[in-house]
Structure formats: structure tokens, C-alpha cells
Amino acid sequence: MEMGTPQIELIDASLSYFTPKQETEAIRDVRLTVRAGEFVGIVGPSGCGKSTLLSLISGMLKPTQGKVLIDGREVLGTSPQVGYMLQHDHLFEWRDVLSNVTVGAEIRRMDRNRARRSAMELLERYGLGGFAAHSPSQLSGGMRQRVALIRTLVAEPDILLLDEPFSALDFQTRLTLADEVHRIIREQGKTAVLVTHDIQEAIAMADRVMVMSRRPSTISKVYEIRLGDEAGEDPTPWRKRESPRFQAYFNDIWRELEAHVAKTG
Amino acid sequence: MWPRPDRGRSAKRRNSLTGQSSSQPLWEAVPRTTARIAEASAPGTEGSPLPSPLYRRYLKRKRRARLLVTASQLALLALLLALWEMVARLGWVDSMLTSSPSKLAGSFRTLAAEGTLWKHTWTTGLETIAGIAVSMIAGMAIAVLFWWWTYSAKVLEPYIVVLNALPKVALGPIFYIWLGDRYSVYGMAVAISLIVTIMMIESGFKELAKTKLKLMESFGATKLQMLRMVMLPASVPTLIAALKVNVGLTLVGVIMGEFLSSKAGLGYLIIYGGQVFQMDLVMVSVCMLALMSVVLYGLVNLLAKLLTRKYPVDR
């Protein structure tokens, strides 16, 4: 897929959850386009349907109205093209690290040897080579989450959906892991959608940050983040946090978010 | 109530940095994180050749405390037996009613020599193990069915509730008429343990469905894959808990079944001894039953340990 062509498109997508007691309109008329190779961050007040948005893109939920397209084709179910990284790593304690990262490949019935090879390669490359035979309980939270990311990558998706992947980690690990994940995604040339409630994280990692309103949510504003050097180089999230313009973005987005929170009290 | 299985305590602390290449220009953060892990996983005296005197004293004190408990337990048993023997001998109580340890030992020898005791113990043991196997396998199959086909769980829910609330002993005569004196024991055993087994395994499945299955779903896993790759391995702790409950309940069922109808087994021996007013026979059978349940629990604990080592689950 060529860089820059639209890869994910939501066309007036709405979704309501139905329970016997009530219907809840989670998101309404969301229109959004993510280009191939782009990193998009989505922030919003808690419970605004950010995760719902990812579930729609992943095909785990179908929109009640509107359409979700990937590479111009309508999404009808989960697809090998999309990798979903959840908030919790969900590693299987009864498998070692290597057979954990090949879970996705196993489910998708990909070639076993090839999956193991690419898994080993990724583990080596991202500093977990020596832990392939370890059990997940021997790893720290940050390492576990990195294993979870590699598990997603081994299944060879073009698109990565990240659902608050750092929220269960301590602050220090969060910052270093954000750098790592950012680098991995860039290196692998993936398209990524990050959902988070941490505005700074979104600004530091994403090329564009979208702010969602309260339920029923829509995308209320989009910010192009330009914190790159003059040379056009892509700095790490860490460096971006140090940029003087970082704070300006933060203030803008904060105000935008606050407006939504204030509206409904 | 159950001794908690020791989940691979030894395996957990085997962390090392071997094979971890330090030449990583990509990532400065990695060695930092891993170093922290290695540090965290080598606590205490592991690795250092000599434990400190304080630590040795601590270990010694622990060992002594443990010994004291064991010694007291044995002493208590001896005391109770001696007391029992004494009151019977001195005629403070009627030994027709209470029997006595020496009489028990005597009738144990006679019964053992005749082979009657072994035959009846064997019968009861076999019935119990078969009952446990049937309830576990059927319970698991039904729980899987309920998970796989939620509709069936919804339809059958009130029936399960009623069956669970019903005192299964009331079904005794029905089992006797339908299954005959031999198989009605199995009927009773399974009736008593099956429903609880289903309910325990099912609730374990439900708990799992909320967590790890979402991951499986995101990879587009089929139900069979979910069952094989997650539900069964992750349910091992639930299965072990169910098995432990099952041992107790199945024993109740088997003895109850033997009381009601059987011509063999320890339950039969107890009832028979009561009817002919032979307290020695009753008590020997009860002791044998106690011994057998201890052995069964021991076996289950052993199995639990092996399984937990193979399928560790942190929750």
C-alpha cells in the first residue's frame, strides 16, 4: 500500500448498544480517514466510545449505520489486515513467550515455521531475544506489553489499533515504552490508530490527534501535530515532549476536551 | 479450606540475563528495564553461598515450630485413644455402645484376614473413582455445551436451579428401581456431584470469557480454537477446584447409595453393622472410609500440583 492513500475510512458511522433496559448511542456520524502509514491519536473523555471506534475498525462490531472501509472495501468481520492491541496484555501463562507471540499466527493458520522465524526475529530485534523460553510471569509489565505488541506484529497486519496500551503501566515505563512502540510501528511501516485518555501521549506519538466529544460521540476537532525538525526528520515521542510547541498543542487540546466535559457537567 | 497449590515457586525465580545481547543501538531503554527485572527476581539469599546466622536461626525456629505442631497432633491422637480405651475398660461407659480401640484392632485383624474389609473398601473406592470420573467428564461436557450454545444454557437454567436445590437423596428409591442395587450407587453419586460441577466450571468459563477471549476474538478465532487454546488450559484451576469438591460430594453419594440399596461396600458394611448392633464393625468401616478419603484427597492434590505446574494461571 502506498504511503498517503486513504487506508481506513469511516463514513458517517454510528453505533448504538442495545440492552433490555435502554439503548445507548455510543458514536454518531463519525467521519474519518486515516492514510496509509499515518499514526492517528484519538483522545476523549472517558466512556466516550473511543474503544467502540476501534472495535468498528477491527470488525468486531458492525456500525448500526454508515460504513467502515479498509482499502476501499467494506469491513464485514475481523481481518488479518488489522491487528488489535488491547489495554491488558492477555498473555497466556501456560505458554512461553515465543509461543505467546505466535498465538495470532496460529489462529490464522499461518505457516508455523515462518511465524516462529519472524517471531524470533522480532523478539531479538526488540530486546526480548533472551526471553523467548521464559514464562510471561517472569516479565515486567513493560516487557509483557512489548510481547503483546510483537504478538500483534507476527500476525502481519497493515493496520495497528492500540487501545490504551500503556494505561496499566507505571509512568516511567509508559514513557520509555511509548518511544519503543512508536519506533517499532514506524520501522515496520504500519498504519496506527491509538486511543488514549492521555493527551500528552497522543501528541507525542501521533501525526494527527482527533478529539472526540461526549456520548453520542463525534470527532469534534482534528489537530495536525508538527513537532518535526526542520530537516523533516521524525523525532521520538520523548524529543517531541521537549519541543516548545508541545505545550501549545496540549493547551489547545485540553481546552477542547474541557469544553466537552463541562457541557454535560 | 484447601491447601493452595504451590504454583511453580521454583520455576518463577529462574530469571537471568543470559542470551540478552547488550549491543542494542536501537533501544537504550531495554537494558534498563531488563536489569530491573533481574534485580527484582533475585531476592534474599539465593545465589549467595552462606545464609547469615540470623537467617539460619530463623529457619531453625520455623522447623522447630513445625515439629511441635506435628508432635502435638500425634500426642492428641494417642491421648484420645488411651482415654477411649480406659473408659471402656473401666466400665464407665458401655463398651457395647462405644466399642474400644483394642476391640477395633481385633475386629480389624479378623476382617482383614477374612478379606471382607478389603473387598468392601475396594468396591467403595472403585465406585467413588468411577463416580468422580463420570461427573467430571459429564460436567465439563455440559459446561462446554452451555458456553458454546448459550441458548441451551438459558433454556436449561431453571432446571439446573431446581435440580441443584433438590435433595438428591430423595431420588434414592427411583435410582434403585431403575438401576438395580449395583448401579443405583453410581446414580446417587453422580446425581449429588454433577450439578455443582457443572455450575463451578460454567462460572469459571464465564469469568474467562470477559478477559482473554477478547484477544482471541480480535484475531478472528473460531469457537473451537477458543476452547482449545484458552478455555481449557485457563480453566485448569477451576477444574482442580471442581475436582476437589467432587471428591467429597461423590463420597457422600456413594455411601448414601450403599446405605439405601447396595449389598457391598463400606456404606453397606456400616449399615449392616448398625442393624446387627456390632459397633466394632461400624467403627472399623468408618475408620477405613476416613483413610480412603484421605488417600483420595492426596491423589487429587498430587494431580493438582502436576497440572498447575504445566498450566500455571495468574489471575
Side-chain angles (χ1 to χ4, degrees), chain A residues 54-55 58-60 77-80 82-95 103-109 124-143 146 148 151-152 155 157 161 163 172-173 175-180 183-184 187 238, chain B residues 7-9 11-41 208 210-222 224-226 228-237 307-315:
Chain A
L54 291 191
S55 295
S58 75
M60 285 161 79
T78 56
S79 129
V82 180
Y84 203 143
M85 190 170 164
L86 302 159
Q87 187 173 343
H88 189 275
D89 55 60
H90 292 310
L91 297 180
F92 299 165
E93 294 85 358
W94 55 89
R95 288 171 171 236
V103 157
E106 199 177 312
I107 295 171
R108 297 241 153 96
R109 301 208 164 83
E124 294 282 357
R125 181 156 192 180
Y126 299 121
L128 290 161
F131 294 91
H134 281 54
S135 104
S137 60
Q138 290 172 285
L139 307 183
S140 71
M143 292 166 91
R146 233 178 312 140
R151 176 180 59 198
T152 315
L161 307 177
D163 191 356
Q172 205 182 353
T173 316
L175 292 190
T176 48
L177 196 65
D179 266 26
E180 292 171 23
R183 172 154 13 203
I184 294 172
E187 269 178 10
W238 187 278
Chain B
R7 320 192 153 126
R9 199 193 293 151
K12 241 179 197 169
R13 300 295 184 205
R14 244 193 286 116
N15 205 351
S16 76
L17 285 173
T18 46
Q20 171 70 12
S21 66
S22 53
S23 57
Q24 242 144 44
L26 281 175
W27 247 229
E28 318 98 316
V30 174
R32 224 190 299 152
T33 352
T34 50
R36 216 180 322 154
I37 306 304
E39 213 174 64
S41 64
L208 274 176
K210 285 185 217 143
T211 57
K212 290 203 157 62
L213 287 190
K214 176 133 196 234
L215 172 83
M216 296 296 283
E217 208 190 325
S218 79
F219 281 120
T222 61
L224 192 64
Q225 285 176 324
M226 290 185 186
R228 192 172 50 81
M229 292 172 72
V230 176
M231 301 296 269
L232 295 180
S235 292
V236 165
L307 278 175
T308 325
R309 196 164 303 157
K310 193 151 179 230
Y311 296 102
V313 173
D314 294 332
R315 284 220 184 124

Next on the checklist: Out of A:Val103, A:Thr78, A:Ile107, return the one with the most heavy atom pairs under 4.5 angstrom to chain B.
Outcome noted: A:Ile107

Next on the checklist: As an exercise: rank A:Gly59, A:Ser58, A:Gly104 by heavy-atom pairs under 4.5 Å with chain B and give me the winner.
Outcome noted: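 Max contact count across the listed options: A:Gly104.
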
Measure [X] against the heavy atoms of chain A and call it side chain, backbone, both or neither at under 4.5 Å.
{"X": "B:Met229", "value": "both"}
{"X": "B:Lys214", "value": "both"}
{"X": "B:Glu217", "value": "both"}
{"X": "B:Val230", "value": "both"}

State the [atom1]-[atom2] distance between [X] and [Y], to the nearest 0.5 angstrom.
{"X": "B:Leu215", "Y": "A:Leu91", "atom1": "CG", "atom2": "CG", "value": "8.5 Å"}
{"X": "B:Ser218", "Y": "A:Leu54", "atom1": "OG", "atom2": "CG", "value": "11.5 Å"}
{"X": "B:Leu232", "Y": "A:Trp94", "atom1": "CG", "atom2": "CH2", "value": "10.0 Å"}
{"X": "B:Lys212", "Y": "A:His88", "atom1": "NZ", "atom2": "NE2", "value": "6.5 Å"}

Next on the checklist: Tell me whether B:Tyr311 at atom OH has more than 12 heavy atoms from other residues, nucleotides or ligands lying less than 6.0 Å away.
Outcome noted: no

Next on the checklist: Counting only non-hydrogen atoms closer than 4.5 Å, does A:Arg95 touch chain B with its backbone (N, CA, C, O), its side chain (CB onward), both, or neither?
Outcome noted: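 A:Arg95 touches chain B through side-chain heavy atoms alone.
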
